[in-house]
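Residue numbers count from 1 along this sequence. For ligands, and for the atoms within them, numbers begin at 1 and follow the listed sequence. Because only heavy atoms are used, hydrogens play no part in the values below, and waters and symmetry mates are left out as well, while side chains stay in. Keep in mind that this is a model prediction, so the values were computed, not measured.
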Amino acid sequence: MKFSKSFIPTLKEVPSEAVIPSHILMIRAGLVRQLSAGIYTWLPLGYRVVRKITEIIREEMNAIGGQEFHFPALNPKEIWEQTGRVEAFGDTLFHVKNRDYVLAPTHEEIVAWHAQGALTSYKDLPQIWYQIQTKFRNEPRPRSGVIRGRQFLMKDSYTLDRTFEDLDIAYDKHDKAYRKIFDRSGLKYFIVGASSGAMGGSKSEEFMVKSDAGEDTVAYCGKCGYAANVEVAQSVSVNAARDNESKQLFEIPTPDVKSIDELCAFLKIDEHETAKSRVYMHDDKPVLVLMLGNDEVNESKLGPALGGNVRPCHPEELKEISGADAGSIGPIGFKYRIIADNLLEGANNLYSGANKNDYHLGGIDMKRDVPNIEYFDLRTVESGEKCVRCGSTLEVFKAIELGHIFKLGTKYSVALGVNYLDENGKEHPVVMGSYGIGVERIFACYLEQNYDEKGIIWKKPLAPFDIHLIGLNMKNSLIDETSNKIYEELQKEGYEVLFDDRNDVSAGVKFNDADLIGMPVQIVIGEKNLKDGRVEIKLRAKNEKQIVELPQLNNKLKELI
Ligand code: ATP
Ligand code: MG
């Protein structure tokens, strides 16, 4: 492709709308433009990368027996109502005004609709159906560029099986295909076991990339690969110390002391000698939740621990329940259920609120003074704690989800009547799996992991072009002739070449653009080298230059690419 005839609007300045590296680079290198919040146009250079990503996905999906479909994005709302997902998606679902249509955010319903009455015998199963298609989600806060779009490309596949054992096989195939797709895309990723949210399934795994731009926080062990969302992650618990001797309970006036930090400063004690109280309503009954020191209650763990409906108490409810306001509440004399984090089990000589404003109690012995308490894992794992699996050190960081694999089970087949007859003529619901990959997220995550101060560093599989050929002074007829000849020859050899043939920009602009756009290999045709029958090759990743005799150019490239 000739630069002079292409639309590659590179920018020198960092665009004001972009914050994270991948978004900045996509805009600066002329790969993408925003049309409206969360809605993007792929420009020609960026779209070449999108096509390379989708081709890798296609090859790996075909390799596990996937059949490519193209389901419509515009869906009759009626089908979505049958699974209860118009409600489940809520405001995220785009509705088409004046008509009963929705814009599909995913395609379980439509797959089940087509399977119903079409896959009727055990002989019709298993099936793997997939598509690479545009999805619509009215994301409340679209940000981080294409990582969270309102319109985006997803590879979504669906498996249809007779039994849960067969589903295990289909799920495993996807697990392997996903690893190949992300490996081939040149990404460093890890895998997290997860809960399956609005999809309504059982087992699921997320493929994730470490990134400050991520919206999930995960705990990860570099040694054994243990990885979990902090909503559920665990670490080896180190209980609060138990002194040999338990003191008697004693009351201390603590005027204006509201927080654990203030209590520690006032009494000159360590936060591990304190227990913090939070009061929740559990199915309309109060529950006191005790945490060690400054540990916050992890509500994602509290909900499942208690079951039913759980919400924090309103400040105006607290006084009536406990006799005190927040900051002075504690376990002694609390009249309702009390639960605590595991770390407090067996602790003594603790300080906590006295259920009387401006007073605290000391000398609390959990065994002696709070005998009917129940213990649960209720805290959030922090960096530096020990891995539950191998004892090594955990790191807590932000991460982006690249893809997700789910064992759906029969939720959609039951809702939409997708049944098959077994060998004995007995009817069963088809067992489904669902698997998604964000195409734009592969793109953005690749950039997050492959750039330097000059721009993008592409490697072969995703690079828009293999070679960036630069004719330095195109007004010089020898350079013009030679670079055009090399351009033709390289293409005949099968290379994809971007040829900077512009004759109205300086060498500096050309070099900067080449480094910004970041093709793996640059070939520079300049006057000085050409006089001696030579050209310069630069490897973008290593910033390494070498001079090559023209007749050797082809061999050299074979060696490098
Ligand atoms: P997230 O938690 O990031 O919103 P999700 O759980 O809603 O993701 P899925 O419904 O599992 O995502 O969709 C499958 C894949 O589609 C995700 O793993 C992700 O790569 C991609 N994806 C989801 N939402 C978006 C979006 N708004 N923009 C771009 N890609 C997306
Ligand atoms: Mg989402």
Side-chain angles (χ1 to χ4, degrees), residues 20 22-23 26 32 34-40 42 46 50 53-54 57 61 73 80 83 85 88-94 103-109 111 130-158 171 174-175 177-179 181-182 185 187 189-211 213-218 229-232 300 398-408 412 432-448:
I20 61 169
S22 57
H23 192 196
M26 275 187 200
V32 88
Q34 180 177 294
L35 177 65
S36 166
I39 309 178
Y40 295 90
W42 287 112
V50 169
I53 296 170
T54 51
I57 295 175
M61 289 310 300
W80 282 80
T83 57
R85 284 221 292 183
F89 269 99
D91 291 339
T92 310
L93 193 64
F94 276 112
L103 293 176
T106 175
H107 276 85
E108 282 79 8
E109 277 77 1
V111 164
Y130 82 96
Q131 65 173 341
I132 298 168
Q133 195 244 20
T134 302
K135 295 282 186 282
F136 297 87
R137 293 185 184 181
N138 192 10
E139 300 282 4
R141 292 168 296 127
R143 53 174 195 179
S144 309
V146 301
I147 289 172
R148 188 167 295 286
R150 288 189 162 133
Q151 167 172 341
F152 60 97
L153 279 176
M154 195 200 288
K155 183 291 297 175
D156 44 329
S157 44
Y158 305 89
Y171 183 89
H174 275 82
D175 178 73
Y178 274 39
R179 290 167 199 258
I181 290 165
F182 301 133
S185 301
L187 293 170
Y189 61 93
F190 59 94
I191 300 168
V192 176
S195 67
S196 36
M199 291 291 185
S202 46
K203 190 185 167 184
S204 79
E205 271 157 331
E206 294 176 347
F207 291 73
M208 306 202 89
V209 162
K210 179 180 176 179
S211 164
E215 290 179 29
D216 290 303
T217 309
V218 298
N229 197 299
V230 287
E231 290 178 359
V232 295
S300 316
K398 294 256 180 222
I400 299 173
E401 179 189 319
L402 282 173
H404 209 165
I405 56 179
F406 290 102
K407 289 184 182 175
L408 286 180
Y412 297 92
M432 285 177 66
S434 139
Y435 317 82
I437 291 181
V439 173
E440 282 92 344
R441 291 207 185 167
I442 292 184
F443 196 144
C445 288
Y446 178 87
L447 294 188
E448 292 285 328

Quick one, Thr54 with Lys155, criterion side chain to side chain contact (heavy atoms under 4.5 Å, CB included). Give me CA distance, side-chain angles, the key distance, then yes/no. CA-CA 8 Å; Thr54 51; Lys155 183 291 297 175; over 6 Å; no
What do the steps show when you test Glu215 against Arg143 for salt bridge (Lys or Arg N to Asp or Glu O under 4.0 Å), and what is the final call? CA-CA 10 Å; Glu215 290 179 29; Arg143 53 174 195 179; 3.5 Å; yes
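The distance from ligand 1 to the heavy atoms of Val146 drops below 4.0 Å at these ligand atoms: 29 (C). Near Gly403, the atoms of ligand 1 lying under 4.0 angstrom from a non-hydrogen atom of the residue are 18 (O). Atom numbering of ligand 1 starts at 1 in the shown order; those under 4.0 Å from a heavy atom of Glu139 are 24 (N), 26 (C), 27 (N). Close approach of ligand 1 to Gly149 (heavy-atom distance below 4.0 Å) involves ligand atoms 26 (C), 27 (N), 28 (N), 29 (C).
Residues passing the salt bridge (Lys or Arg N to Asp or Glu O under 4.0 Å) test with Asp216, sequence neighbours excluded: none.
Only the side chain of Arg137 comes within 4.0 Å of ligand 1, judged by heavy-atom distances. Residue contacts with ligand 1, taken as heavy atom pairs separated by less than 4.0 Å, involve Ile147 solely via the backbone atoms N, CA, C and O.
Remark: Tyr178 OH to Glu205 CD distance equals 11.5 Å, nearest 0.5 Å.
Arg150 places a side-chain N or O within 3.5 Å of a backbone atom of Glu139 that can act as its donor or acceptor partner. Looking only at distances, no side-chain donor or acceptor of Gln151 sits under 3.5 Å from a matching main-chain atom of Thr134. With hydrogens and angles disregarded, a donor-acceptor distance shorter than 3.5 Å links the side chain of Arg137 to the backbone of Pro105.
Between Asp216 and ligand 1, no N or O atom pair is found at a separation short of 3.5 Å. Considering backbone and side-chain atoms alike, Gly436 places every N or O at 3.5 Å or more from each N or O of ligand 1. Considering backbone and side-chain N/O atoms, Leu402 comes within less than 3.5 Å of an N/O atom of ligand 1.
Closest heavy-atom approach to atom 25 (C) of ligand 1 among the candidates Arg148, Arg441, Met154, Arg150: Arg441.
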